[in-house]
Colleague: 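Input: one structure, supplied below.
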Number of protein chains: 4
Amino acid sequence: ACPLTVIAGPCQLESADHAQMIAGTMKEACAAAGAQYVFKASYDKANRTSLSGKRGLGIDAGLKVLDDLRKALDVPVLTDIHSEAQCKPAADAVDILQIPAFLCRQTDLLIAAGETGAAVNVKKGQFLAPWDMPNVISKIESTGNTRILLTERGTSFGYNTLVADMRALPQMAATGYPVVMDATHSVQQPGGKGGSSGGQREFAPVMARAAVSLGVASVFIETHEDPDNAPSDGPNMIPLSQMAHLVDTMMQFDALAKANPIVI
Amino acid sequence: ACPLTVIAGPCQLESADHAQMIAGTMKEACAAAGAQYVFKASYDKANRTSLSGKRGLGIDAGLKVLDDLRKALDVPVLTDIHSEAQCKPAADAVDILQIPAFLCRQTDLLIAAGETGAAVNVKKGQFLAPWDMPNVISKIESTGNTRILLTERGTSFGYNTLVADMRALPQMAATGYPVVMDATHSVQQPGGKGGSSGGQREFAPVMARAAVSLGVASVFIETHEDPDNAPSDGPNMIPLSQMAHLVDTMMQFDALAKANPIVI
Amino acid sequence: ACPLTVIAGPCQLESADHAQMIAGTMKEACAAAGAQYVFKASYDKANRTSLSGKRGLGIDAGLKVLDDLRKALDVPVLTDIHSEAQCKPAADAVDILQIPAFLCRQTDLLIAAGETGAAVNVKKGQFLAPWDMPNVISKIESTGNTRILLTERGTSFGYNTLVADMRALPQMAATGYPVVMDATHSVQQPGGKGGSSGGQREFAPVMARAAVSLGVASVFIETHEDPDNAPSDGPNMIPLSQMAHLVDTMMQFDALAKANPIVI
Amino acid sequence: ACPLTVIAGPCQLESADHAQMIAGTMKEACAAAGAQYVFKASYDKANRTSLSGKRGLGIDAGLKVLDDLRKALDVPVLTDIHSEAQCKPAADAVDILQIPAFLCRQTDLLIAAGETGAAVNVKKGQFLAPWDMPNVISKIESTGNTRILLTERGTSFGYNTLVADMRALPQMAATGYPVVMDATHSVQQPGGKGGSSGGQREFAPVMARAAVSLGVASVFIETHEDPDNAPSDGPNMIPLSQMAHLVDTMMQFDALAKANPIVI
C-alpha cells in the first residue's frame, strides 16, 4: 500500500498569498516525512450555518488562485463543488473534485462530477451508514469514472454532535476505493455555537492517529496559521505550526499500519 | 389557530390522470372533514438511494401537470426544488416551494426560493437540531419573503433509522412560523433496503396523531392507491383508501389541540 | 379501554406530611377529571449522578410512610426497588414495584419482583429498543406473575440527551401489557448539569399529551409544589399547582384516543 | 508509561480446565510480546438478554475456580460483580472487581466495591458521556480506594447498535486513571439477535488497534477457542488461535503510542 496522503489546507481560500504560504509549508512538511501532499481549499462555503458567515473568493477568482498554485508549487489540489455547473470549470483548475457531505446523494451532481474525468472525493453524509456508500459509488461509476475517494467525516449523534465510527474505515475500504479520514470535520459541533459551528480542535489529532493506525489511504486536515481568527471552521482547525510534527508522527503509525494491514 | 392543513399526494408524479385522481380524492376527504388541503408531488427525485430508482416526469412536463392540476381542481400545490435554476419556473406553476432536508443549509437555494415570493417549506435536515432552524429562516427572510413553513421529518438516530422528536414541534413553532409534521418520511428507514429506503407505514398515523395533538399547523402525508407498487417511498406511504378516515380522526384531535394550545 | 391512569408524586419521599399533601392534591384532581390515580415516590435514590445527591428516607422509614399513606388516602402506591432483598418488604407496603431503567435487564431482580405477586412496572432501559422488551417480560412471566406494566422513559440520543420515540408506545402495547409514558424522565438531560441531571420541564406536558393521544394506559409524572427546591429531578418535575389543569386536559385527549384506538 | 496490559479470557467461566487452558495460552502469548496479562471471566451473567441464556458456574464454584487459577498460573484475575454482597467474597478470590456498565451509577455497589480495597474497573454505561465519569469516580474514591480503572465499551447509537467514540479515551485518561478499551463489547449489537446479542467480531481488532494507537493503558478482549459455540457473547469474541498474533501487533502500536503520547 502507498504511504499516507495528507490532504490539508485552510477551510476557505483567503488570498493567493495565503494559500501559497500554507501550501508551501505543508509541501515541505510532507516531503520531509515521506507523505504525499494534496492542497485543499474552498472557493465558496455554500452551506454556512448562518447568512452572515463569510463565503470565500467566489468561483472565478478562487479557481484561478487554485490553478496558479498547483502550477507554481507543483502540488495536486482538491476543492469542493456545489452544483452541476461548477464541475467542469473546477475540473479544469484542480485535480480532485469533492462532493460535500450534505450533497452526497444528489444524483446529478455526482454524475456531473464523474463526467469531468477528474478524481472525485465523496464525503459520506452525516446521515448515512458506511454500507450505504456503494449506491453513491455506483452513481459516479455510471459515468465510467472510477477515480473515486471516500471520506469519513462523522455521523450525526444526537443534536449538534458528530461521532466518527472507526468501523466505517475498513467497511468503506472493502469497496476497493481509497478511504480518507477527515480529522477536523469529524470533531465539528454542527451549529453548536448558534450562528456557527463549534469544534473540538484538540481531538483532531486523535481522530487522525486512530484512522492512520487502521491503514487509511489519506487523512484530511484543515489548518490555519491562526485558527481562532480564520473565517470559517476555526474551532476545529489545527494550527499550521503543529502540522510538521503531526505529519511526522502520523507517518510512523502509517508505516506500521501498512505493514500490518487490517482486512475485514 | 386555523384548522389543520393536510399536505398530501404521491411521492412522485406519475401522470396527469394519476395526480388528479389522488388530488380529487384528497380534496373531497379534506372538505368533508373540515381540513385545508394542499396537493404534493415531486417532478424529479434527485437524491434516490440508487441510480436505478425512478426519478419522475422531469421538470417541464411535471410542472405543467402541476399547474394544470391546481387550475382544474382549485387546490394549492407544493413541490420540491433542487437547484437555484428550478425555483423560478416552479414558482410559476405551484404555490409552495419545498426545500429538501439534505439541502436545508444550501444558502443559494434558500435565497433563490425566497426571492420567488412563493411560500417556502423547509424540511429540517436529519442532521439538524430544532434550535438550528432560525439560521435557516434568516437566509430566507433576507429576501424579504416571510411566507415560510418548517417541517419536521425525523432526525438521524444510529444507522438507517430516524426518530421524530416531539419536542421539535413546539420548539420550531416558537419561531412564529407554521410547523408541518411529515408523518411519512419520519418513519423512513433511509437506505434500509440496500438499493432503496425502507419504511414503517404502520407508524405514519402514529406520528401524525401525536403531532396533531400538539397543535401543529399542518401534516404532510404521502399517499398512493397501491403503495407497494409505487415508484418511490412505497414502504412508508399510506394507502389512499385509508386517508378519508385518517383525516377525519385527525380533525377531531386538531379541534381539541387548537382549543388547548401548548406554549413552551 | 379503561380511562387513563395517572401515576404521580414527588421524585423522592421527603416526609409523611409532604407525601400526603401531594397525594391528596393529586387524588382530588384525578377524581375531578375521571382519571385513575396512583401515588409514586422513591424511598431511596440509589443511582444519583453524584455522591452528594440526597437519597431519601431509606427503606424502613420510607416504606412505612408509603404504607400509611395508601391506607390513609386509599390510593394505590408505586415505588422503585433496587435489589432482590428489597422486593419482599416493598411488596408488603406498596401495590406496584418499579424496576429502574438501568436495572431492566437484571434477571435476578426481575424474578424477585415477579415472585412477590405485586404488579411490576418495568422501565425500558435508555439502551434498549422497544422490541427488546419481550425478553424482559419473559423473565417476569417465568414467575407466573403477569401483572406487568411497561414504561417508556426515553432512549439515549447522543450525549446527555434522551429522545422519546412515539413508535415505542404502540410497539410495546402490542405485547398486550399496559404501557406507561414517563413524561418527566423522558425530558431529563442525564448528567447534563455536571453533578446532577438537567431537564426540560416545559416539554413534559408535550410528551404526556402526545402519548395520551396515542392511547397509552397511563402517564407517569413527577410533581412537586416547588420543583426548583426539590431534592432531586427538580429540573424536569411539573409544579403541583399545574397538575389539575394538565390532568383535565389529558382526559379530554384520552377519551378521544380511546374512542379511536391505534393498532399496528 | 507502562506497556499495554491485556485483559482477556472467555466471557463466562465454563470449567476450571477451560479457564486454565485459556489463561495459560494468553499468559504465554502476552509474555512473548512483552504485554502484561490479566485473566478475565464471569462466574455469573446476571443480565443476559433472555432468561434462557446460560449464566455460568455461580458465585461459590466460580470464585474458587478463579482463586485456584490465579495461584496456579500466577496471573492477576478480573471478574464482574452484580450486588453489594458479592464484593467481599469476590475481592478475596480475584484482584480486580469489575462494575458492569448497566450498574455504573449504582452508588451502593460502587462503594461496596471500593471498600474491599481491591482494584475496581468501572465500565462506562452505554448511556453516559465520558465527562460524566468523574461523578462515578468520586463515589469510589469516597471509600479511600483510588485503585480505579475506567473502561470504554461503546455508547448507545440508535437501536441495537453501539459506537465507540475515540474521543472518550483521552477524555477519560484526563482523570489520571488508567483507561481500558473493551474491544469486544464495543462491537456488540445489544439484543440484535432477538433472544441474544449479536456482534461484529471482525471489528474487535479494529477497535483494539485504534485505541492502542491512542495510548490506552489496557485492552479488554474476550476470547474463546470456539466462539460460535461459546455460551455467551460468541458473536463478538475473538478466536483464541488469533490472539498471539493480535497481541504481538498491538504491542508494536503500543510502543509507538507510548513514545508519542497524546495529551488533550
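Keep in mind the model is a prediction, meaning the values are calculated, not measured. Quick note on labels: first sequence line is chain A, next is B, and so on, each numbered from 1.
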Colleague: Does a donor on one side chain sit under 3.5 Å from an acceptor on the other, for C/Asp233 and C/His185?
Modeller: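 There is such a pair (donor and acceptor under 3.5 Å, judged by atom type) between the side chains of C/Asp233 and C/His185.
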Colleague: When heavy-atom pairs shorter than 4.5 Å are enumerated against chain C, which of B/Pro170, B/Gly158, B/Ser213, B/Ala210 gives the highest number?
Modeller: B/Ser213
Colleague: Side chain, backbone, both or neither: which part of B/Thr161 has an atom under 4.5 Å from a heavy atom of chain C?
Modeller: side chain
Colleague: Distance only, no hydrogens: is a donor on one side chain within 3.5 Å (strictly under) of an acceptor on the other, for C/Lys45 and C/Ser232?
Modeller: no
Colleague: Could you tell me whether the side chain of B/Met21 reaches within less than 4.5 Å of the side chain of B/Leu240, counting heavy atoms only?
Modeller: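 B/Leu240 vs B/Met21: side chains touch.
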Colleague: Does anything in residues 26-41 of chain B reach chain C? List residues with heavy atoms under 4.5 Å apart, or say none.
Modeller: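 Listed by number, there are no contacting residues, so the answer is none.
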Colleague: Between C/Asn121 and C/Thr151, is there a side-chain donor-acceptor contact under 3.5 Å, judged purely by atom types and distance?
Modeller: yes
Colleague: Sort C/Leu246 into side chain, backbone, both or neither according to what part of it lies under 4.5 angstrom from a heavy atom of chain B.
Modeller: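 Neither part; nothing is under 4.5 Å.
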Colleague: Side chain, backbone, both or neither: which part of C/Phe253 has an atom under 4.5 Å from a heavy atom of chain B?
Modeller: both
Colleague: Give the member of C/Ile264, C/Leu256, C/Val187, C/Thr155 that has the highest number of heavy-atom pairs under 4.5 Å with chain B.
Modeller: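 Between C/Ile264, C/Leu256, C/Val187, C/Thr155, the count favours C/Leu256.
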Colleague: Check each atom of C/Ala211 against the heavy atoms of chain B and say whether the ones under 4.5 Å are side chain, backbone, both or neither.
Modeller: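 Neither part, no heavy atoms under 4.5 Å.
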Colleague: Looking at side-chain heavy atoms only, is the closest gap between C/Glu202 and B/Val263 below 4.5 Å?
Modeller: no
Colleague: Assess B/Lys123 against B/Phe102: is NZ or CZ under 6.0 Å from the centre of the six-membered ring, and within 45 degrees of the ring's axis?
Modeller: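 Output no; distance or angle outside limits.
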Colleague: With a 4.5 Å limit on heavy-atom distance, are the side chains of B/Gln98 and B/Leu149 in contact?
Modeller: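 The answer is no, as the side chains (C-beta and beyond) never meet within the 4.5 Å cut-off.
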Colleague: How about C/Thr184 and C/Asn236: does a side-chain donor come under 3.5 Å of a side-chain acceptor?
Modeller: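 Note: C/Thr184 and C/Asn236 side chains miss the donor-acceptor criterion.
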Colleague: Does any non-hydrogen side-chain atom of B/Leu162 lie less than 4.5 Å from one of B/Gln188?
Modeller: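 Heavy-atom side-chain distance check passes, below 4.5 Å.
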